[in-house]
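Below: the structure, in structure tokens.
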Amino acid sequence: MFRSWTRAVRTQRRCVLHCVTHSRVPARGAALDAVLSEFRSICGADGVSLGEAVRQQHGKDESVHRCQPPDVVVFPRCVEEASALARTCHRHNLPMVPFGTGTGLEGGVGAVEGGVCFSLRNMDQILDLHQEDFDVTVEPGVTRKNLNTYLRDTGLWFPVDPGADASLCGMAATSASGTNAVRYGTMRENVLNLEVVLADGTIVHTAGRGRRPRKTSAGYNLTNLFVGSEGTLGIITKTTLRLYGIPESMVSAVCSFPSVQAAVDSTVQILQAGVPIARIEFLDDVMMDACNRFSSLSYPVTPTLFLEFHGSERSLEEQVATTESVTQSNGGADFQWATDPEARNQLWKARHDAWYAALALRPGCKAYATDVCVPLSRLPQIIVETKEDLIENKLTGPIAGHVGDGNFHCLMVMDPSDPDELQRVQLFTERLARRALALSGTCTGEHGVGLGKRLLLREELGGPALRVMQKLKVALDPRNLMNPGKVLPSRDAEGTTH
């Protein structure tokens, strides 16, 4: 049965970690020297940092969760070094927290129990590109933009786009997706194999060393066990990804609607018509108003869809004709089309700048993006109820979403120095998540669970499923060293969930 660390083990951890950073007596000095000496012998003196600025940098992501720095940051250069460092941490009972680019949104990199941060930026090689097989293997320091720049002359690209220039292995760890998911899927559909360092330093290849088939019926799906595990089961040190041919042509469009219902009805009907749409994004009236102000645009301040189509010129003509017919039947108006890259980028400018436009509504404030997903048919109801909730509680939260798969975000703009507003935002986000659960949805469509949604995960999955997850965690990480305090609710000795 899953158990949180006992008081004695926690005390032991703190004692060892205190030795690493706050040595004042000979015994502690000896422990400090021993641990740091092992680390430096593995990855060199410049591969270990105790500097406060470095630790602060590696204790936070883009979320609203407060910075929780590790005690030490190590910078492995290869999987063998990562494995050796993990063995050392395992021997000394030191928690391990993987760190990619720090672009996460749920506090997944905070060192809640101190320990050692594995910063993977020095592992930045694109290792194996097989153009004829449409796959590539990369290390965790390779970001989405790095890869697509590398692929530019091959006619291939990797389409999963979470917005930020995130690490591809980090994207696998959080099961990221984004605007192209409606056509190309999420990371779960696009990861073929993973190399993972477990808590005791064991190196595992989830689909077998060097394997990269498009499908397999061989054994348990270990690859997708680690996709979305957020560093709680192991450190991802390589990922093999599906690639796609760059489309021959692209067309973008923007269309305004009289209501949320009309916009969502159009989305459903476009998908039912078999249109292989690449991106279909929704912005509500508040978000459109913010974008107009921020980017000096003049779109109607109404619910709006941003669409993109990929394919041959002939196929795009059919897709566009079908889509325009559907949207017009639902009251769509002010249709704008663009084909050349510059015009398409200008058309998408409002969607791309949505985060900054939301922040500009309240200069000097911070923003937090909520993240729920519901079945498409429930999307109008939850958006309408959410907008009513925002107005009633005097909160600023323009809405943007990947409407093609039922995933949307409230970009909550708030004053972090106002405790009352922070409390109202927290209660709102909990209500929003539970509203999604009540409509057969999920509390997180793409950001992950991290720190803030652990209890919601229990509500979503139910006790039996959660206990299976807890048993898997114990089997792979019995000492709870891998990114402790994330994803799974903790349990005390009596089994009460916290």
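- Of the N and O atoms on the side chains of Y244 and N180, not one donor lies less than 3.5 Å from an acceptor on the other residue.
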Take L283 and R351 through the test side chain to side chain contact (heavy atoms under 4.5 Å, CB included) and record every step on the way to the result.
CA-CA 8 Å; L283 273 64; R351 179 62 183 95; 3.2 Å; yes

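- In summary, the side chains of S63 and E106 do not present any donor paired with an acceptor at a separation below 3.5 Å, with no hydrogens or angles considered.
- Side chain of N407 to main chain of V372: a donor-acceptor pair is present (N/O by atom type, distance under 3.5 Å, no hydrogens or angles).
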Yes or no on side chain to side chain donor-acceptor pair (under 3.5 Å) for S177 and E446, after CA distance, side-chain angles and deciding distance?
CA-CA 6 Å; S177 55; E446 58 187 10; 2.6 Å; yes

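- Under a 3.5 Å cut-off, the side chain of D61 and the backbone N or O of G102 do not form any donor-acceptor pair.
- Residue R91 places its CZ atom among more than 12 non-hydrogen atoms of other residues, nucleotides or ligands, all under 6.0 Å distant.
- With hydrogens and angles disregarded, a donor-acceptor distance shorter than 3.5 Å links the side chain of D477 to the backbone of L481.
- The closest side-chain donor-acceptor pair between T223 and T206 falls under 3.5 angstrom.
- No salt bridge links E230 with K486; every basic N to acidic carboxylate O contact stays at or beyond 4.0 Å.
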Could you walk me through whether R144 and D161 satisfy the salt bridge (Lys or Arg N to Asp or Glu O under 4.0 Å) test, starting with their C-alpha distance in whole Å, then the side-chain angles of each, then the deciding distance to 0.1 Å, before giving a yes or no?
CA-CA 8 Å; R144 174 181 62 85; D161 175 7; 3.3 Å; yes

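- Distance CZ/R424 to OG1/T429: 13.0 Å, rounded to 0.5 Å.
- Ion pairing between a basic and an acidic side chain is recognised when a charged N comes within 4.0 Å of a carboxylate O; R242 and D135 show no such pairing.
- The closest donor-acceptor contact from the side chain of N193 to the backbone of G208 lies under 3.5 Å.
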For a quick test of your reading: what N or O donor-acceptor pairs under 3.5 Å do the side chains of residues 355-365 make, sequence neighbours left out?
| residue | atom | partner | partner atom | Å |
| --- | --- | --- | --- | --- |
| R362 | NH1 | V413 | O | 3.0 |
| R362 | NH1 | E421 | OE2 | 2.5 |
| R362 | NH2 | E421 | OE1 | 3.3 |

Given the rule in the side chain to side chain donor-acceptor pair (under 3.5 Å) test, do T386 and R435 qualify, once you have shown the distances and angles that lead to the verdict?
CA-CA 9 Å; T386 298; R435 195 176 293 128; 3.3 Å; yes

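- The environment of R209 atom CZ is sparse: at most 12 non-hydrogen atoms of other residues, nucleotides or ligands sit within 6.0 angstrom.
- Checked by atom type and distance alone, the side chain of E189 pairs as donor or acceptor with a backbone atom of T186 at under 3.5 Å.
- Electrostatic pairing of R212 and D128 does not count as a salt bridge here, judged by no charged N lying under 4.0 Å from a carboxylate O.
- Atom CG of L461 sits about 6.0 Å away from atom CG of L466, to the nearest 0.5 Å.
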Carefully, step by step, assess H58 and V109 under the rule side chain to side chain contact (heavy atoms under 4.5 Å, CB included).
CA-CA 7 Å; H58 288 82; V109 299; over 6 Å; no

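- Rounded to the nearest 0.5 Å, atoms CD1 (I399) and CG (L390) are 6.0 Å apart.
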Dump the intermediate steps for side chain to side chain donor-acceptor pair (under 3.5 Å) on H130 and E132, then the final yes or no.
CA-CA 6 Å; H130 300 95; E132 66 279 10; 5.9 Å; no

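- Within the structure, every pair that satisfies the ring pair (Phe, Tyr, Trp, His ring centres under 6.0 Å) test and touches residues 436-483, not counting sequence neighbours, is listed here: H409-H447.
- A distance below 6.0 Å separates the ring centres of W157 and Y184.
- More than 12 heavy-atom neighbours from other residues, nucleotides or ligands sit within 6.0 angstrom of CZ on R431.
- Remark: D165 does not engage K145 in a salt bridge, criterion side-chain N to carboxylate O under 4.0 Å.
- With 3.5 Å as the limit, one finds a donor-acceptor pair spanning the side chains of T442 and E460.
- Donor-acceptor pairing under 3.5 Å is recorded for the side chains of T143 and N146.
- The salt bridge (charged side-chain N to carboxylate O under 4.0 Å, His left out) check on E80 picks up nothing, with sequence neighbours excluded.
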Give the C-alpha distance, both sets of side-chain angles, the deciding distance and a yes or no for side chain to side chain donor-acceptor pair (under 3.5 Å) between E62 and T103.
CA-CA 5 Å; E62 296 297 325; T103 56; over 6 Å; no

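- Cation-pi contact between R279 and W348: present, with separation from the ring centre below 6.0 Å and deviation from the ring axis of at most 45°.
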